[in-house]
Amino acid sequence: MSRIAATFSKLQEQRRKALIPFVTSGDPSPELTVPLMHAMVTAGADIIELGIPFSDPMADGPAIQRSSERAIRNGVGVRNVLGYITQFRKTDAVTPVVLMGYANPIEHMGYESFAKAALVAGVDGVLVVDYPPEEGGDLFKYLAAHQLDPIFLLAPTSSDARIAAVAKLARGYVYYVSLRGVTGASNIDLTQVAEKIPKIKSATKLPVGVGFGIRDAVTAKSVARIADAVVIGSRIIEEIENSNAGNVLDNVATLLSGIRAAMDAYDS
């Protein structure tokens with residue numbers, strides 16, 4: 001059983017939902033990426049989404065765009081990101097790590113080389129924002145050969161055919177984008193989310209996580225009532241931006257601890 005599957009299985013037994021925070025590798029500095037990962041786990045994260053810096057993150061709002069810009073200025077690329085995971089795995093062999101990014105850096109490295117290196121580093125899943133099911137065949141083949149789960153996005157506009165296509169290829173979990181727009185927006189429609197998730201679950205047995213627009217503990221708690229996982233990114237990036245090297249770990253941990261507590265308090 002993969003680390004992702006084992007995590008969701010354990011949470012289901014505990015009647016709890018997964019908290020999946022996102023940070024961009026190398027932001028605010030390369031030296032703080034691994035400590036941030038550990039701090040988030042201590043604060044209650046179940047799975048970590050680790051962003052690969054990219055110069056044109058089209059699905060991301062201003063906060064995550066800025067984090068990519070900072071990481072690129074810090075000289076962080078794909079191989080650096082894999083190095084952080086290797087370091088993280090020295091003391092954490094349990095928490096799943098999902099790489100989230102865009103096609104160009106992976107294509108530049110080469111699909112097979114990327115998949116091999118990701119497996120060795122301890123990656124569990126890969127979400128490539130601009131690779132829908134019909135366009136990433138070669139990459140998906142190498143991910144499967146190296147026991148890496150392909151994670152896919154679905155959106156409010158996803159048709160039944162697109163949901164079926166994702167269900168056929170996806171492993172680990174499905175990431176449902178809760179709104180039309182980029183990360184960091186705050187107009188999440190919980191009624192619409194509650195209507196869409198059963199349609200996705202009718203097509204796949206995989207857990208469904210919800211992200212985009214989740215900015216506080218109250219919203220996270222509401223999403224935890226209807227989804228298997230809560231994904232939060234832009235709000236964490238903003239916390240990083242408003243912190244310094246001396247307090248960033250504590251500030252991010254405090255934010256996530258509050259969200260974790262609210263999610264665990266939901267009435268199942």
Side-chain angles (χ1 to χ4, degrees), residues 20-43 45 47-92 95-111 113-131 148 151 182-184 211-212 231-256:
I20 309 179
F22 167 94
V23 293
T24 300
S25 304
D27 179 52
S29 70
E31 296 77 18
L32 282 172
T33 296
V34 176
L36 266 173
M37 294 170 72
H38 287 302
M40 292 190 296
V41 173
T42 300
I47 297 170
I48 293 174
E49 283 187 0
L50 198 58
I52 300 173
F54 183 52
S55 58
D56 186 22
M58 66 191 77
D60 294 304
I64 294 179
Q65 288 180 22
R66 292 192 299 269
S67 72
S68 263
E69 291 168 1
R70 290 190 293 269
I72 290 170
R73 287 198 300 269
N74 289 333
V76 175
V78 177
R79 293 191 184 276
N80 302 100
V81 177
L82 296 175
Y84 303 146
I85 298 169
T86 299
Q87 186 179 346
F88 176 75
R89 285 284 175 237
K90 291 179 180 179
T91 51
D92 189 328
T95 305
V97 176
V98 173
L99 290 180
M100 185 170 182
Y102 295 82
N104 291 42
I106 295 172
E107 290 177 354
H108 181 73
M109 185 173 179
Y111 298 140
S113 295
F114 169 79
K116 285 182 177 179
L119 175 64
V120 170
V123 174
D124 299 283
V126 179
L127 195 168
V128 183
V129 175
D130 45 352
Y131 267 168
L148 298 167
I151 313 294
V182 296
T183 58
F212 287 46
V231 186
I232 182 165
S234 294
R235 179 65 186 86
I236 297 174
I237 300 300
E238 291 171 359
E239 195 68 28
I240 290 171
E241 289 183 320
N242 293 325
S243 303
N244 56 53
N247 62 19
V248 64
L249 300 182
D250 288 341
N251 289 353
V252 170
T254 298
L255 171 66
L256 284 182

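Note: hydrogens, waters and symmetry copies are ignored here, and every other heavy atom, side chains too, is used.
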Is there a side-chain contact between [X] and [Y] in this structure, where contact means two heavy atoms from C-beta onward sitting under 4.5 Å apart?
X	Y	answer
Phe22	Ile64	yes
Val252	Val23	no
Leu50	Phe88	no

Just by distance, do the side chain of [X] and the backbone of [Y] share a donor-acceptor pair under 3.5 Å?
X	Y	value
Arg89	Gly122	yes
Asp27	Ala71	no
Asp124	Val97	yes
Asn247	Asn244	yes
Ser25	Gly51	yes

Residue that, paired with Leu99, satisfies side chain to side chain contact (heavy atoms under 4.5 Å, CB included) out of Val128, Val81, Leu148, Ile106:
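Among Val128, Val81, Leu148, Ile106, the one that satisfies the side chain to side chain contact (heavy atoms under 4.5 Å, CB included) with Leu99 is Val81.
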For side-chain contact (heavy atoms from CB on, under 4.5 Å), just list the numbers for Ser55 and Ile72, CA-CA rounded to whole Å, side-chain angles, deciding distance to a tenth of an Å, and then say yes or no.
CA-CA 8 Å; Ser55 58; Ile72 290 170; 4.2 Å; yes
Identify the heavy atoms of [X] and [Y] that sit nearest to each other, and give their distance.
X	Y	result
Ala63	Ser234	CB-O, 4.2 Å
Ile151	Leu127	O-CG, 3.5 Å
Ala43	Ala253	CB-O, 3.5 Å
Asn74	Gly26	ND2-O, 2.9 Å

